[in-house]
Amino acid sequence: MKSEFDIQKHMLVPKHEIMTDEEISNEFSNLDYSFKNLPKIKVDDPVAESIGAKPGDVLRITRESQTAGVFVTYRIVEE
């Protein structure tokens with residue numbers, strides 16, 4: 001039974017976005033490693049599921065805090 005709760009609206013869940021190919025190219029073109037070496041997030045992670053992420057997608061995760069300001073991290077979706 002699937003819950004009607006929208007996990008993305010919870011105050012402790014940072015913003016997750018699926019990046020476009022153009023965004024990936026722009027963000028990772030000047031780095032010494034491939035975006036395929038990013039930390040992983042499982043395709044069945046509740047937030048990944050809620051945004052329709054598929055294996056191979058790259059997620060931009062934006063966290064906001066009073067001490068760090070805005071912090072952006074990336075994850076690649078895997079099975």
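Residue numbers count from 1 along this sequence. In what follows, every heavy atom counts, from backbone to side chain, and hydrogens, waters and symmetry copies are set aside. Everything numeric in this text was worked out from a predicted model, so none of it was measured.
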Between Ser50 (side chain only) and Val47 (backbone N and O only), is there a donor and an acceptor less than 3.5 Å apart? yes

I want to check something: taking the side chain as every heavy atom from C-beta on, are Pro46 and Ile7 in contact at a cut-off of under 4.5 Å? yes

Start with the C-alpha distance between Glu78 and Lys40, add both sets of side-chain angles, then the distance that settles salt bridge (Lys or Arg N to Asp or Glu O under 4.0 Å), and finish with yes or no. CA-CA 6 Å; Glu78 69 172 16; Lys40 314 291 189 246; 5.1 Å; no

If hydrophobic clusters are built from ILVMFWY residues whose side chains come within less than 4.5 Å, do Leu38 and Met19 share one? yes

Please answer: with hydrophobic residues joined when any side-chain heavy atoms are less than 4.5 Å apart, are Ile18 and Tyr74 in the same cluster? no

Any chain of hydrophobic side-chain contacts (each under 4.5 Å) joining Leu59 to Phe71? no

Quick one: do Glu49 and Asp44 satisfy side-chain contact (heavy atoms from CB on, under 4.5 Å)? Show the steps, please. CA-CA 6 Å; Glu49 280 186 334; Asp44 61 355; 3.8 Å; yes

Locate the shortest heavy-atom distance separating Arg75 from Ile61; write the atom from each residue and the value. CG-CD1, 3.5 Å

Is Asp57 paired with Lys54 through a side-chain N to carboxylate O contact shorter than 4.0 Å? yes

Drop me the distance from Thr20's OG1 to Glu27's CD, to the nearest 0.5 angstrom. 11.0 Å

With hydrophobic residues grouped by side-chain heavy-atom distances under 4.5 Å, do Leu31 and Ile24 end up in a single group? yes

Return the CD1 to CD distance between Ile51 and Glu17, rounded to the nearest 0.5 Å. 8.5 Å

Linking I/L/V/M/F/W/Y whenever any side-chain heavy atoms sit under 4.5 Å apart, do Val72 and Ile41 land together? no

Would you compute the distance between atom NZ of Lys15 and atom CD of Glu64 and round it to the nearest 0.5 angstrom? 8.5 Å

What are the two closest heavy atoms between Glu79 and Pro55, and how far apart are they? OE2-CG, 3.4 Å

Could you tell me whether Asp21 atom CG has more than 12 heavy atoms of other residues or ligands within 6.0 Å of it? no

Can any side-chain N or O of Asn26 pair as donor or acceptor with the backbone N or O of Glu23 at less than 3.5 Å? no

